[in-house]
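Within every chain, numbering begins at 1; the chains are lettered A, B, ... in the order of the sequence lines, protein sequences first and strands thereafter.
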Protein chains: 2
Amino acid sequence: MVKFSKKIEYALVALHYLSNNPEAYFSARELSEILNIPYEFLSKTLAKLAKSEILISNHGAKGGYKLNKSPRKITFYQIFASLEEHLNVVECLSNEDEICQRSAVCTIKTPMFQLQNKINELIGNMTLEDWLKFPTFDNAINV
Amino acid sequence: MVKFSKKIEYALVALHYLSNNPEAYFSARELSEILNIPYEFLSKTLAKLAKSEILISNHGAKGGYKLNKSPRKITFYQIFASLEEHLNVVECLSNEDEICQRSAVCTIKTPMFQLQNKINELIGNMTLEDWLKFPTFDNAINV
DNA sequence: ATCAAATCCGATTATTTTAATCGGAATTAA
DNA sequence: TTAATTCCGATTAAAATAATCGGATTTGAT
């Protein structure tokens, strides 16, 4: 499966929104209502992004979240790494200590490693700023 | 999540094995034993690969599977498309008719579309033959 | 000082997806 | 005819994801 998790999807939607309003603080509640995303879930996601210093968070009244750096400096790789436990396409690339049952006959570890590198390169080079260039999908494709 | 499903993983291991033995037919049972993959699961996966003409299948006694074309002509995209229902990183890229609850405020559809294209390009350009070039992981990396 | 609006944190539950299994039917070489 | 096979639909089991719950802590405003 190559589908992104909801965590990632919600994060990208929220980060994209915050990129367009880089100065103001938005609370998780606000964002969940504006963007139509379950509050409990979104708030955890935002907290993780804050922990990995992609967002700034302010506690208490009038608090909330905003970008911690320029969209140009926020890569997809950082976002993924902040939210997902493991980024690897196959487990054996991450858990070096656990022995795969197929390791004796498996010859795909190296090519998988190469593919992994290319994926990392792809999402490492794509930043939030790149996304700001695009018009909305509806304008660009559907109509 | 960016992890490949077991379907994909098993398929890649089996296809890689068959690439190294392109003439002979191997039954699902044989492959499952050689490669240490659950038989029932692998046999379904191989059947799908045969249906999409990546493998040739022979019924009955002495039957089995072998590659239907040169490893050079088998891309990862073909393998993915054969095994997964949807290839898209987010649902809204595939289900044009289903309306996403966020569609009014979502601005990431176009950039997602771009990213999707890059991923498709990446796996569309990688063939089984590319994989045959690599030494085993253990030789290349660990030792 | 108190209160209300926030983030943050751990745990639990619900849902969905993935993985594995089961029980055959159809095919084919020997 | 038989044994070995692919193929097919359905079911079950396991795992991962998504959502929710119940607070604890922080902080600006009154």
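One can place CZ of B:F4 at 22 Å from P of D:dA15, the figure rounded to the nearest angstrom. The CG atom of B:L42 sits 12 Å away from the C1' atom of D:dT6 (whole-angstrom rounding). The distance between atom CD of B:E9 and atom P of C:dT18, rounded to the nearest whole Å, is 14 Å. If you measure from atom CD of A:E33 to atom C1' of C:dA6, you get 14 Å, rounded to the nearest angstrom. One interatomic measurement links the two molecules: CG of A:L55 to C1' of C:dC8, which rounds to 14 Å at whole-angstrom precision. Taking atom NZ of A:K3 as the reference point, atom P of D:dA16 lies 16 Å away to the nearest angstrom. For A:K48 and C:dG10, the NZ to P distance is 11 Å, given to the nearest whole Å. Atom P of nucleotide C:dT7 and atom CG of A:L49 are separated by 13 Å, given to the nearest angstrom.
Side-chain atoms of B:P22 and B:K66, non-hydrogen and from C-beta on, never get closer than 4.5 Å to each other. For the pair A:E40 and A:P38, the minimum side-chain heavy-atom distance is 4.5 Å or more.
Applying the side chain to side chain contact (heavy atoms under 4.5 Å, CB included) rule to A:T75 yields the partners A:Y77, A:Q78, A:T127; only residues at least two apart in sequence or on another chain are considered. Every ring-ring contact (aromatic ring centres under 6.0 Å, His included) that B:F26 has, sequence neighbours left out, goes to B:Y17. Partners of A:K118 under the side chain to side chain contact (heavy atoms under 4.5 Å, CB included) rule, at least two apart in sequence or in another chain, are B:L122. With sequence neighbours left out, B:K62 forms a side chain to side chain contact (heavy atoms under 4.5 Å, CB included) with no residue at all. Annotation: side-chain hydrogen bond (donor to acceptor under 3.5 Å, both in side chains) contacts of A:S52 (sequence neighbours excluded): A:S82. Applying the side chain to side chain contact (heavy atoms under 4.5 Å, CB included) test to A:N125 and every residue at least two apart in sequence or in another chain returns A:E121. Checked against side-chain hydrogen bond (donor to acceptor under 3.5 Å, both in side chains), B:S57 has no partners two or more places apart in sequence or in another chain.
Which of D:dA18, D:dC7, C:dC8 sits closest to the side chain of B:A47 comes down to D:dC7.
Of the residues in residues 19-32 of chain A, those lying under 4.0 Å from DNA chain C by heavy-atom distance are A:S27, A:A28.
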Between the protein and nucleotides 28-30 of chain C, which nitrogen or oxygen pairs are less than 3.5 angstrom apart?
from, atom 1, to, atom 2, distance (Å)
C:dT28, O2, B:A61, N, 3.3

Identify the pairs formed between an N or O of the protein and an N or O of nucleotides 20-25 of chain C at a distance under 3.5 Å, and give each distance.
from, atom 1, to, atom 2, distance (Å)
C:dA20, OP2, B:Y10, OH, 3.2

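Sorted by first and then second residue, the ring-ring contact (aromatic ring centres under 6.0 Å, His included) pairs with a member in residues 36-76 of chain B read B:Y10-B:F41, B:F76-B:W131; sequence neighbours excluded.
Residues A:K7 and B:K51 each lie close to DNA chain D; by heavy-atom proximity, the contact nearer the 5' end of the strand is made by B:K51.
B:Y25 belongs to a hydrophobic cluster whose other members, connected by ILVMFWY side-chain contacts under 4.5 Å either directly or through intermediates, are B:I56.
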